[in-house]
Amino acid sequence: MHSSPGLYAAAGPGLAEECSTLGGCRTGMAKVTNAYDLPARKIIHTVGPRYADKYQTAAENALSHCYRSCLETLIDLGLQSIALGCIYTESKGYPREPAAHVAIRTVRRFLEKHKDRISAIVFCTSTGSDTEIYKRLLPLYFPRNKSEEEMARSRLPQDVGDENGETSISERRIRIKALPAVHMSARRVLTHENSDSSEGDARLQFTRSLSLNSLIDPLFTAVTKDPDQRRKEQWERVAQAQAGWKWAKWLGLGNIGGPPLTAAEEDSLHARYLARANAVNLSEITEMKILYRGGVDDEGRPVLVVVGAHFLLRCLDLEKFVLYVVKEFEPVIQRPYTLVYFHSAAAIQMQPDLGWMKRLQQILGRKHRKNLHAIYVLHPTLGLKAVIFALRLFVDREVWRNVVYVERLLQLFKYVPREQLTIPDFVFQHDLEVNGGKSIVTDPRTRYITNRPFVGAS
């Protein structure tokens with residue numbers, strides 16, 4: 001796919017000589033040479049884009065165009081199979097997994113239109129990490145059975161591109177409706193035979209005016225406001241709304257003022273954070289085990305687990321944590337899901353303020369609120385209940401009314417089966433200390449063996 005010293009060596013000197021006559025190749029374009037000593041009929045060359053966070057959408061669309069240009073060239077040549085290497089390179093700074101998403105979804109979109117003209121497309125990887133990425137992502141875009149199809153529904157990213165696999169941003173779309181087609185009756189009037197008389201000219205001028213006024217759609221002039229102007233007005237509304245919430249900052253509740261975001265604004269915010277999350281190394285947040293996926297609850301809904309005691313604000317990069325939350329939530333919130341929060345041995349004093357929580361909910365978007373079934377809070381304290389009451393009052397009643405307080409582990413297992421949860425050891429110990437001899441339950445990974453005299457759960 002791309003010219004490299006290894007490719008030149010395998011193909012022989014003829015390839016380098018022919019490439020020198022091509023006059024270069026612009027990013028996104030494709031050019032063809034003979035294959036020479038390689039076991040192929042032709043070699044299609046393209047140039048991948050450089051990557052920068054500031055121009056992420058442009059890089060995604062340029063990379064998508066690279067793959068599409070190669071596939072279009074394949075059809076133009078009358079060939080039916082192609083081996084696609086990874087066009088993105090480390091030297092150009094393109095993150096591996098987001099680039100693989102672009103590559104696979106572009107191929108998927110192309111096959112939807114031209115599957116009868118292509119017999120085989122092979123993704124070729126040169127590193128073990130790329131191989132693992134493709135093995136994990138290919139079933140999402142090309143499910144082979146019902147189980148993979150169900151998995152794809154929950155794990156596919158929200159943005160899978162337009163009909164060509166390119167990223168489309170609503171703010172950049174043309175905001176003027178196309179002029180409707182001219183009616184046949186008006187066309188006949190406007191093409192009336194020419195007349196030399198002044199009466200004929202006057203009538204023609206009148207009919208032109210009449211026909212245009214009747215044909216122009218009012219929506220044509222109702223242009224959506226410029227995005228920059230809309231943002232300026234939004235900032236002014238936010239400033240006015242926040243003026244009435246200054247007392248919240250004085251009380252340490254954070255920035256909880258401001259008007260709610262529209263659905264389009266929340267979708268745009270979520271998409272930006274998700275793109276950043278896919279491009280940033282978040283392994284340090286993963287290792288903290290604050291948030292991780294469990295199994296399913298008693299009705300088959302996927303479960304996300306949050307461990308409050310692991311949320312150490314002094315050791316945590318909150319911005320990276322938000323990115324991690326967005327990335328972990330994305331495949332789950334596409335359908336109804338459940339949250340389990342272990343408050344065992346957690347400290348309320350070191351938690352983010354209400355303004356941060358409100359911003360996080362806006363970033364997660366409306367699917368998060370719509371599909372959240374319940375938040376099961378294990379071992380709640382009076383302080384935590386006060387915080388949740390404030391969240392319900394000042395942040396979002398819809399989300400926080402779904403909180404269910406759970407005092408004992410056995411009670412939690414009524415909602416989420418025990419085998420569906422990975423529970424830290426200290427949670428079992430905390431349950432023993434708080435509840436004493438009631439509803440004692442042990443971690444099957446430990447050697448503790450206890451009786452469970454408690455029957456049922458309140």
Side-chain angles (χ1 to χ4, degrees), residues 1-4 6-49 60-89 94 96-127 130-146 148-149 152 156 160-167:
M1 288 298 301
H2 56 278
S3 297
S4 65
L7 182 64
Y8 286 140
L15 177 61
E17 293 176 2
E18 185 174 356
C19 285
S20 65
T21 65
L22 296 179
C25 183
R26 297 177 60 184
T27 300
M29 294 179 60
K31 293 192 175 182
V32 184
T33 65
N34 293 314
Y36 297 94
D37 296 338
L38 292 175
R41 295 185 182 180
K42 297 289 182 180
I43 299 177
I44 302 175
H45 306 261
T46 189
V47 178
E60 287 181 354
N61 289 343
L63 181 60
S64 176
H65 198 70
C66 287
Y67 285 100
R68 195 167 70 252
S69 296
C70 293
L71 294 171
E72 289 171 349
T73 303
L74 175 74
I75 290 181
D76 291 340
L77 294 172
L79 303 178
Q80 295 184 336
S81 62
I82 186 172
L84 293 171
C86 298
I87 297 173
Y88 46 92
T89 59
Y94 214 117
R96 313 300 286 178
E97 186 159 333
H101 274 285
V102 173
I104 299 172
R105 79 188 189 199
T106 301
V107 169
R108 168 62 192 257
R109 294 298 194 191
F110 193 85
L111 286 176
E112 288 173 357
K113 299 178 181 179
H114 305 285
K115 61 181 180 180
D116 295 332
R117 305 178 67 180
I118 296 179
S119 60
I121 295 178
V122 180
F123 288 99
C124 297
T125 57
S126 56
T127 66
D130 280 333
T131 302
E132 291 303 316
I133 290 173
Y134 275 82
K135 282 183 178 179
R136 179 160 42 85
L137 298 185
L138 277 170
L140 302 183
Y141 293 90
F142 297 93
R144 294 165 292 186
N145 49 50
K146 285 293 183 181
E148 289 186 351
E149 185 177 349
L156 269 176
V160 291
D162 58 13
E163 67 274 10
N164 294 319
E166 293 186 358
T167 301

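Because the structure is a prediction, the values reported are computed rather than measured. Along the sequence shown, residues are numbered consecutively beginning with 1.
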Could you pull out all donor-acceptor pairs under 3.5 Å where a side-chain atom in residues 98-109 meets a protein atom, sequence neighbours excluded?
residue : atom : partner : partner atom : Å
H101    : ND1  : Y141    : OH           : 2.7
R105    : NE   : G165    : O            : 2.8
R105    : NH2  : G165    : O            : 3.3
R105    : NH2  : T167    : OG1          : 2.9
T106    : OG1  : S64     : OG           : 2.9
T106    : OG1  : V102    : O            : 2.7
R108    : NE   : E112    : OE2          : 3.1
R108    : NH1  : Y141    : O            : 2.6
R109    : NE   : D162    : O            : 3.0
R109    : NH2  : G161    : O            : 3.3

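- Within a 6.0 Å sphere centred on CZ of R41, heavy atoms belonging to other residues, nucleotides or ligands number 12 at most.
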Exercise for the section: Show your working on side chain to side chain contact (heavy atoms under 4.5 Å, CB included) between L111 and L71 and close with a plain yes or no. Expected result: CA-CA 9 Å; L111 286 176; L71 294 171; over 6 Å; no
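- In this structure, CG on L22 lies 6.5 Å from NE2 on H45, to the nearest 0.5 angstrom.
- Summarising the geometry of T33 relative to C19, their closest heavy-atom pair is CG2-SG, 4.2 Å, with the distance given to 0.1 Å.
- Residue C66 comes nearest to G48 through the heavy atom pair SG-CA, 3.9 Å, listed as atom of the first residue, atom of the second, then distance.
- Distance CG/L79 to OG/S119: 9.5 Å, rounded to 0.5 Å.
- The side-chain heavy atoms of I118 and F110, taken from C-beta on, include a pair separated by under 4.5 Å.
- Atoms OH and SG, on Y94 and C86 in that order, are 12.5 Å from each other to the nearest 0.5 Å.
- Proximity of I44 to K31: side-chain heavy atoms (C-beta onward) are nowhere separated by under 4.5 Å.
- The heavy-atom pair separating P49 from A62 by the smallest distance is CB-CB, 3.8 Å.
- Note: I75 CD1 to R117 CZ = 4.5 Å, rounded to the nearest 0.5 Å.
- In terms of heavy-atom proximity, N34 sits nearest to L15 at O-CD1, 3.9 Å.
- In this view, D37 satisfies the side chain to side chain donor-acceptor pair (under 3.5 Å) rule with no residue, not counting sequence neighbours.
- At least one donor-acceptor pair closer than 3.5 Å links the side chain of S69 to the backbone N or O of G28.
- With rounding to the nearest 0.5 Å, the separation of CD in Q80 from CG in L74 is 8.5 Å.
- In this structure, T125 and Y134 approach most closely via the heavy-atom pair CG2-CD1, 3.8 Å.
- Of the inter-residue distances, the one linking K113 atom NZ with E72 atom CD reads 8.5 Å to the nearest 0.5 angstrom.
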